[in-house]
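All values below were derived from every heavy atom in this structure, side-chain atoms included, with hydrogens, water molecules and symmetry-related copies excluded. As the structure is a computational prediction, the values presented were derived from the model and not from experiment.
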Amino acid sequence: MKLDGQFPYPHIVEALDGYYKGSGRKEKKDKKEKKEKKEKKKKEKEKSTSEVHVEKPEAPRTMSNRRLSILITTFWDYPHTGGLSNYIKTLSEGLRRMGHRVDVVAPNQFPAREVNWLRDECVPSLRSFFSERYGSYNSKILRNQRYLYVYEQMLRKYINLRKYDVFHAQDLFTANILGRLNEEYKKPLFFTNHGMFTFNRVKFDIFKKDSLEEAYYKSIEQKAISYANHLVILSDVFRTPLMQLGAKDADMTTVLTGIEYGMPSYRTSKEQSKKFVIVCVARLGPRKGHNLLLDAITQLPKSMRDNLEVLIVGDGEMREALEKQKRSLGLSMVEFLGTRDDVPYLLSKADVFVLPTLNDSLPVSIIEAMHSGVCVISTSVGGIPELVKHGKTGILIDSGDAKKLAGALKFTMTNHEAREKLADNGKKFARTHLTREAMISHVTAIYQRYVR
């Protein structure tokens with residue numbers, strides 16, 4: 001199978017070339033190949049400048065209010081369990097309610113048989129490309145290149161991109177694919193990053209600093225930014241790192257995530273409970289800090305522990321380890337409920353909601369808790385401080401500090417009036433700023449600025 005001559009994308013090849021050259025590894029090419037490469041790069045640079053940066057649509061001064069045809073893309077299966085899927089669902093449903101036509105495209109929507117065939121067919125060519133150019137290949141990069149290639153081919157074959165007024169990529173990968181295809185269509189392209197992909201993976205040692213993986217994914221992240229007409233960001237915390245990757249401050253707008261929270265309040269029934277109920281809703285992954293919550297509970301006086309009921313909602317790869325930790329610490333009051341579809345009801349039983357996360361963007365679970373009128377205890381990471389104002393709409397602690405978490409739990413358990421005041425303030429903030437209507441209004445206003 002012969003791949004498109006532009007794939008892997010030129011900016012990716014340039015980044016990998018730079019990495020190998022910088023590490024002292026020489027490519028095995030004669031003078032003629034080097035000359036051809038230099039000329040090709042020059043042409044690609046000229047093409048990129050003229051087609052992507054100069055000719056992409058700019059925001060007109062007047063605002064259009066017509067109904068739009070919108071394409072939302074994700075590189076991950078949709079729907080699935082998690083914040084990204086919830087965001088896409090809220091965004092797409094809200095836009096449809098306003099009368100816009102919205103399609104969500106995800107990898108699992110394409111014919112599985114054809115996808116699998118393409119994956120198998122493109123791997124030898126990709127492996128050959130990397131091996132011939134660099135003397136070896138990285139399996140992680142090879143796998144991601146395969147996904148990129150297949151997604152692009154499926155978009156070309158099955159999606160009529162010309163019919164849309166707006167493209168909105170929900171990740172760096174589909175922003176690259178749409179950006180490349182958009183050189184032909186020239187539609188307004190928006191990009192929402194749901195986390196600093198490369199930075200976080202280096203931070204948590206998934207990628208090594210100055211590694212080949214860092215160079216590869218950073219080039220994709222930078223190109224996603226340059227392709228986009230505007231970045232719709234979830235939190236101001238993303239602003240600085242995005243600018244370090246090339247984004248302009250004027251080309252970013254923060255839109256806090258909103259939800260539709262229509263469940264009736266059950267708070268009156270809570271007074272009948274004799275237990276102090278803690279609820280934690282999060283995927284059971286290593287960055288959510290469930291182990292710290294269990295450690296914090298052990299630091300409470302026995303009289304408080306005996307009066308606790310702890311409900312942990314969610315599932316994930318850490319479940320077995322966390323249940324083992326629960327048993328070893330003798331925390332019989334802790335229940336692992338798995339994935340549930342009645343979170344509002346569970347929150348109605350709660351005295352406090354706890355999310356001791358080590359790394360996060362803008363957790364929907366916190367937004368749900370605030371809407372439900374539950375006092376929130378969380379950490380000062382990501383965009384959480386834009387939701388929870390310490391001492392006003394909840395309590396924030398340093399991430400990774402079980403002792404401070406225990407202190408926050410003790411405070412809320414012994415100060416009923418203060419706890420209820422924090423909960424009430426959080427609910428008022430959510431009902432004003434964290435609704436689906438507010439979110440959709442902001443996003444559509446951004447779209448309309450770029451639609452001619």
For residues Leu358 and Pro286, report the shortest heavy-atom separation together with the two atoms involved. CD1-O, 3.8 Å
Donor-acceptor contacts, no H, no angles, side chain residues 333-343, under 3.5 Å, sequence neighbours left out:
from	atom 1	to	atom 2	distance (Å)
Arg340	NE	Asp342	OD1	3.0
Arg340	NH2	Asp342	OD2	2.9

Evaluate the criterion salt bridge (charged side-chain N to carboxylate O under 4.0 Å, His left out) for residue pair Glu93 and Arg97; output intermediate values, then yes/no. CA-CA 6 Å; Glu93 289 182 353; Arg97 183 167 292 188; over 6 Å; no
Checking Tyr158 against Glu114 for the side chain to side chain donor-acceptor pair (under 3.5 Å) test, could you report, in this order, the C-alpha distance in whole Å, the side-chain angles of both residues, the deciding distance, and whether it holds? CA-CA 12 Å; Tyr158 288 102; Glu114 189 171 354; 2.4 Å; yes
Nearest heavy-atom contact between His100 and Arg66 is CE1-O, 3.8 Å
4.5 Å side-chain heavy-atom contact, Thr257 and Leu434: no
Check: Asp249 and Met252 side chains under 4.5 Å, non-hydrogen atoms: yes
Taking C-beta and beyond as the side chain, do Tyr185 and Leu178 meet within less than 4.5 Å on heavy atoms? no
Please determine whether a side-chain nitrogen of the Lys or Arg among Glu214 and Lys209 lies less than 4.0 Å from a carboxylate oxygen of the Asp or Glu. yes
Can you give me the closest heavy-atom contact between Phe353 and Val281, atom names plus distance? CE1-N, 3.5 Å
Chi angles and distances behind the side chain to side chain contact (heavy atoms under 4.5 Å, CB included) call for Leu84, Tyr78: CA-CA 9 Å; Leu84 172 61; Tyr78 176 83; over 6 Å; no
Please check if the side chain of Asp295 supplies one atom and the backbone of Ala402 the other of a donor-acceptor pair under 3.5 Å. no
Does a sphere of radius 6.0 Å around NZ in Lys163 hold more than 12 heavy atoms from other residues, nucleotides or ligands, not counting ones at 6.0 Å or beyond? yes
Assess the residue pair Phe191 and Asp251 against the criterion (side chain to side chain contact (heavy atoms under 4.5 Å, CB included)); give the C-alpha distance rounded to whole Å, side-chain angles, the decisive distance to 0.1 Å, and a yes or no. CA-CA 11 Å; Phe191 169 37; Asp251 293 335; over 6 Å; no
is_close_aromatic(Tyr447, Phe190), centroid dist under 6.0 Å: yes
Are Lys203 and Phe199 in a cation-pi contact, defined as NZ or CZ under 6.0 Å from the six-membered ring centre and within 45° of the axis? no
Check: Gln145/Tyr137 side-chain N/O donor and acceptor closer than 3.5 Å: no
If you count heavy atoms of other groups shown closer than 6.0 angstrom to CD of Glu320, is the number above 12? no
May I have the step-by-step check of side chain to side chain contact (heavy atoms under 4.5 Å, CB included) for Tyr9 and Ser219, ending in yes or no? CA-CA 10 Å; Tyr9 299 153; Ser219 72; over 6 Å; no
Is Arg201 positioned over the aromatic face of Phe197, cation under 6.0 angstrom from the ring centre and no more than 45 degrees off axis? yes
Phe207: which residues meet the ring-ring contact (aromatic ring centres under 6.0 Å, His included) condition with it, sequence neighbours left out? Tyr217
Any Arg133 side-chain heavy atom under 4.5 Å of Asp17 side chain: yes
Using distance alone, with no hydrogens and no angle criterion, decide if Thr253 and His442 have a side-chain donor and acceptor under 3.5 Å apart. no
Check step by step if salt bridge (charged side-chain N to carboxylate O under 4.0 Å, His left out) holds for Asp360 and Lys288. CA-CA 8 Å; Asp360 238 307; Lys288 296 298 182 178; 2.9 Å; yes
Have Asn176 and His11 got a donor and an acceptor in their side chains that come within less than 3.5 Å? yes
Using distance alone, with no hydrogens and no angle criterion, decide if His194 and Tyr87 have a side-chain donor and acceptor under 3.5 Å apart. no
Side chains of Cys280 and Leu311: does their closest heavy-atom pair fall under 4.5 Å? no
Heavy-atom distance under 4.5 Å between the side chains of Asn193 and Ile233, does that happen here? yes
Quick one: are Met413 and Leu308 in side-chain contact, heavy atoms under 4.5 Å? yes
Taking atom types as modelled, is there a side-chain donor on Ser69 or Arg101 under 3.5 Å from an acceptor on the other? yes
Determine whether Phe130 and Ile141 make a side-chain contact, defined as any pair of heavy atoms from C-beta on separated by less than 4.5 Å. yes
Does atom NZ (Lys218) have a neighbourhood of more than 12 heavy atoms from anything else shown, all under 6.0 Å? no
Would you say the side-chain atoms of Asn138 and Tyr216 include a donor-acceptor pair closer than 3.5 Å? no
So Leu91 and Ile440, side chain to side chain contact (heavy atoms under 4.5 Å, CB included) or not? Walk me through it. CA-CA 7 Å; Leu91 177 62; Ile440 299 302; 3.8 Å; yes
